[in-house]
Amino acid sequence: MRVYIFLCLMCWARSGLDPAGPQFSGKPSTGRLDYTDADFVDVIHTDTNGLGIKQPLGHIDFYPNGGKKQPGCPKSIFSGLEFIKCDHQRAVYLFMAALETSCNFISFSCRSYKDYKTGLCADCADFKGKSCPKLGYQTELWKDILKERIENTTLRTTVFLDTVGTNPFCTYYFVLSIIVLDKNMKDGYVTFKLLNQLGIVEEPRLYERHKIFYKLQEFKILGQFLNDVANISSIGLAYFQSSNQQCSMCKYTIQLLKLKSLTYPERPPLCIYNFVLKESKELFLTPSTCKPREI
């Protein structure tokens with residue numbers, strides 16, 4: 001097993017913590033960290049525009065916040081040494097947070113950070129029934145799938161996630177699935193928010209706003225929350241047309257709404273069945289545990 005040391009941060013063949021880019025980018029696999037260095041190699045990239053390396057190296061490569069600028073790090077060179085090392089060190093702090101706290105750093109397999117941010121990678125169907133991969137020591141739970149993927153197809157698995165800028169860096173992901181019955185509900189966007197049992201409203205960052213809805217086709221909307229919402233009393237939902245020709249009297253029939261925590265996939269999903277949504281009018285509905293066929 002090789003030992004790589006960058007800025008006094010150890011990066012071993014089991015978990016690469018922002019492996020160095022300068023002097024290593026473009027090198028053959030024998031001259032840098034590579035997935036062949038150990039039985040299983042996972043890599044966290046946090047400073048690909050600076051001291052880290054951009055290219056995927058492991059069986060799975062995590063790119064928190066796109067792998068470049070990390071939230072909470074200085075943006076000005078006048079901050080001194082912290083400006084140079086903060087993004088690079090974040091890989092270590094994220095790994096330690098995954099080890100020392102209850103954070104589940106759920107990550108999404110995607111071709112690029114741009115695709116991830118536009119909501120094109122909102123589920124984890126590629127992982128054979130397992131949940132989305134988790135950054136940190138729990139990554140080994142996906143080892144067999146990831147090894148099979150790279151050995152049989154040479155397919156690299158690049159995954160993305162967003163964090164906050166302060167320790168322990170946690171955020172919480174939910175996916176909202178919708179099946180519409182109304183063919184007139186076409187080009188528009190849906191917003192949602194969650195109300196917990198204490199009456200506190202939590203609003204997410206939505207990764208895709210505009211969608212083209214088709215009758216009886218399932219659509220998924222990925223939402224990221226700063227706080228976990230464990231006990232959900234109601235879901236607030238609204239639909240808006242993308243065009244300027246809004247219809248205040250229009251109503252749309254929704255066959256199914258399903259909400260699932262991706263951060264805690266063991267929680268049962270919540271469903272709402274057969275309801276009418278008025279355009280541009282927010283509607284709060286009380287969910288129930290989904291029927292078995294929807295789980």
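Rounding to the nearest 0.5 angstrom, the gap separating the OG atom in Ser177 from the CG atom in Leu257 is 8.0 Å. Atom CD1 of residue Ile145 and atom CZ of residue Phe127 lie 7.5 Å apart, to the nearest 0.5 angstrom. Between atom OG of residue Ser233 and atom CG of residue Leu195 there is a gap of 3.5 Å, rounded to the nearest 0.5 Å. Note that CG of Asp144 is 13.0 Å distant from CZ of Arg149, once rounded to the nearest 0.5 Å. The CG atom of Asp47 sits 10.5 Å away from atom CD1 of Ile84, with the distance rounded to the nearest 0.5 Å. One finds the CG atom of Asp37 at 9.5 Å from the OG1 atom of Thr30 (value rounded to the nearest 0.5 Å).
The two atoms that bring Pro287 and Ser234 nearest to each other are CD-CA, 3.8 Å, heavy atoms only. Contact between Ile106 and Cys132 at its shortest, heavy atoms only, is CG2-CB, 3.5 Å. Between Pro19 and Leu33, the shortest heavy-atom contact is CG-CD2, 3.7 Å. The minimum heavy-atom distance linking Asp61 with Pro56 is given by the pair OD2-CA, 3.3 Å.
Using a 4.5 Å heavy-atom cutoff, the side chains of Ser107 and Lys134 are not in contact. In this structure, Leu57 and Val41 have side chains that are not in contact, with every pair of non-hydrogen atoms separated by 4.5 Å or more. For the pair Ser280 and Tyr239, the minimum side-chain heavy-atom distance is 4.5 Å or more. Inter-residue side-chain proximity for Glu203 and Val201 is flagged as met; some heavy-atom pair is nearer than 4.5 Å. Residues Ile60 and Pro133 meet the side-chain proximity criterion, which asks for heavy atoms closer than 4.5 Å. Using a 4.5 Å heavy-atom cutoff, the side chains of Thr46 and Leu94 are in contact. Side-chain contact between Ile235 and Leu194: present, with at least one pair of heavy atoms (C-beta onward) separated by less than 4.5 Å. Here the side chains of Cys290 and Lys258 are in contact, with some heavy-atom distance below 4.5 Å.
A donor-acceptor pair under 3.5 Å links the side-chain atoms of Thr48 to the main chain of Gly67, judged by distance alone. Under a 3.5 Å cut-off, the side chain of Trp142 and the backbone N or O of Ser131 do form a donor-acceptor pair. Side chain of Asp115 to main chain of Arg111: no donor-acceptor pair is present (N/O by atom type, distance under 3.5 Å, no hydrogens or angles). No donor-acceptor distance shorter than 3.5 angstrom exists from the side chain of Ser109 to the backbone of Val159, with no hydrogens or angles considered. For Thr158 (side chain) and Arg156 (main-chain N/O), no donor-acceptor pair under 3.5 Å exists by modelled atom type. Judged purely by atom type and a 3.5 angstrom limit, Ser25 has no side-chain atom pairing as donor or acceptor with the backbone of Pro22. Checked by atom type and distance alone, the side chain of Lys260 pairs as donor or acceptor with a backbone atom of Pro265 at under 3.5 Å. With hydrogens and angles ignored, the 3.5 Å screen pairs no side-chain donor or acceptor of Glu218 with any backbone N or O of Ile178. A donor-acceptor pair is defined here as one N or O able to donate and one able to accept, closer than 3.5 Å; such a pair exists between the side chain of Thr139 and the backbone of Gly136. Within the 3.5 Å criterion, the main-chain N or O of Arg267 finds no donor-acceptor partner in the side chain of Ser261.
With hydrogens and angles left out, the side-chain atoms of Tyr207 and Asp162 include a donor and acceptor closer than 3.5 Å. At a cut-off of 3.5 Å, with distance as the only test, no side-chain donor of Tyr273 or Gln255 sits close to an acceptor on the other residue. Thr163 and Asn65 form a side-chain donor-acceptor contact under 3.5 Å, judged by distance and modelled atom types alone. The closest side-chain donor-acceptor pair between Thr263 and Asn104, if any, does not fall under 3.5 angstrom. For the residue pair Thr171/Gln224, the side-chain donor-acceptor check at 3.5 Å is satisfied.
Hydrophobic clustering (side-chain heavy atoms under 4.5 Å, transitive across Ile, Leu, Val, Met, Phe, Trp, Tyr) groups Leu135 together with Leu141. Clustering ILVMFWY residues whenever any of their side-chain heavy atoms sit less than 4.5 angstrom apart, transitively, puts Leu226 in a cluster other than the one holding Phe169. Residues Tyr252 and Phe219 share a single hydrophobic cluster, defined by chaining ILVMFWY side chains whose heavy atoms lie under 4.5 Å apart. Cluster annotation: Leu270 and Phe275 are assigned to the same hydrophobic cluster (Ile/Leu/Val/Met/Phe/Trp/Tyr, side-chain heavy-atom contacts under 4.5 Å, transitive). Under the 4.5 Å side-chain heavy-atom criterion for Ile, Leu, Val, Met, Phe, Trp and Tyr, Tyr137 and Val92 are members of the same hydrophobic cluster.
Salt-bridge formation is detected for the pair Lys147/Asp39: a Lys NZ or Arg NE/NH1/NH2 atom is positioned less than 4.0 Å from an Asp or Glu carboxylate oxygen. Salt-bridge check for Arg32 with Asp34: passed, with a basic side-chain N closer than 4.0 Å to an acidic carboxylate O.
Within the structure, salt bridge (charged side-chain N to carboxylate O under 4.0 Å, His left out) contacts touching residues 68-84 (residues at least two apart or in different chains) are Lys69-Asp87.
You'll find the ring centres of Phe108 and Tyr173 inside the 6.0 Å limit.
Taking the six-membered ring where tryptophan is involved, the planes of His45 and Tyr63 are essentially parallel, since the angle between them stays under 30° and well short of 60°. Note on ring orientation: taking the six-membered ring where Trp is involved, the planes of Tyr116 and Phe160 are parallel (angle under 30°, cut-offs 30° and 60°). Using the six-membered ring where Trp is involved, Phe174 and Phe225 have ring planes that are perpendicular, over 60° apart on the 30 and 60° scheme. Using the six-membered ring where Trp is involved, Tyr35 and His59 have ring planes that are perpendicular, over 60° apart on the 30 and 60° scheme.
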Task: Residue pair Leu222, Leu262: steps toward the side chain to side chain contact (heavy atoms under 4.5 Å, CB included) verdict - done: CA-CA 9 Å; Leu222 182 64; Leu262 297 179; 3.8 Å; yes
- [ ] Verify side chain to side chain contact (heavy atoms under 4.5 Å, CB included) between Cys271 and Thr289, making sure each step is shown before the conclusion.
- [x] CA-CA 6 Å; Cys271 285; Thr289 302; over 6 Å; no
Task: side chain to side chain contact (heavy atoms under 4.5 Å, CB included) assessment of Ile221 paired with Val190 - done: CA-CA 8 Å; Ile221 303 169; Val190 168; 3.7 Å; yes
- [ ] Might you work through the side chain to side chain contact (heavy atoms under 4.5 Å, CB included) test for Phe240 and Glu279, ending with a clear yes or no?
- [x] CA-CA 6 Å; Phe240 302 90; Glu279 188 172 316; 5.8 Å; no
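Each of His88, Arg90, Gln89 was checked for a side chain to side chain donor-acceptor pair (under 3.5 Å) with Asp18, and the lone residue meeting it is His88. Just one residue in the list Leu285, Leu176, Ile272 forms a side chain to side chain contact (heavy atoms under 4.5 Å, CB included) with Leu237, and that residue is Leu176.
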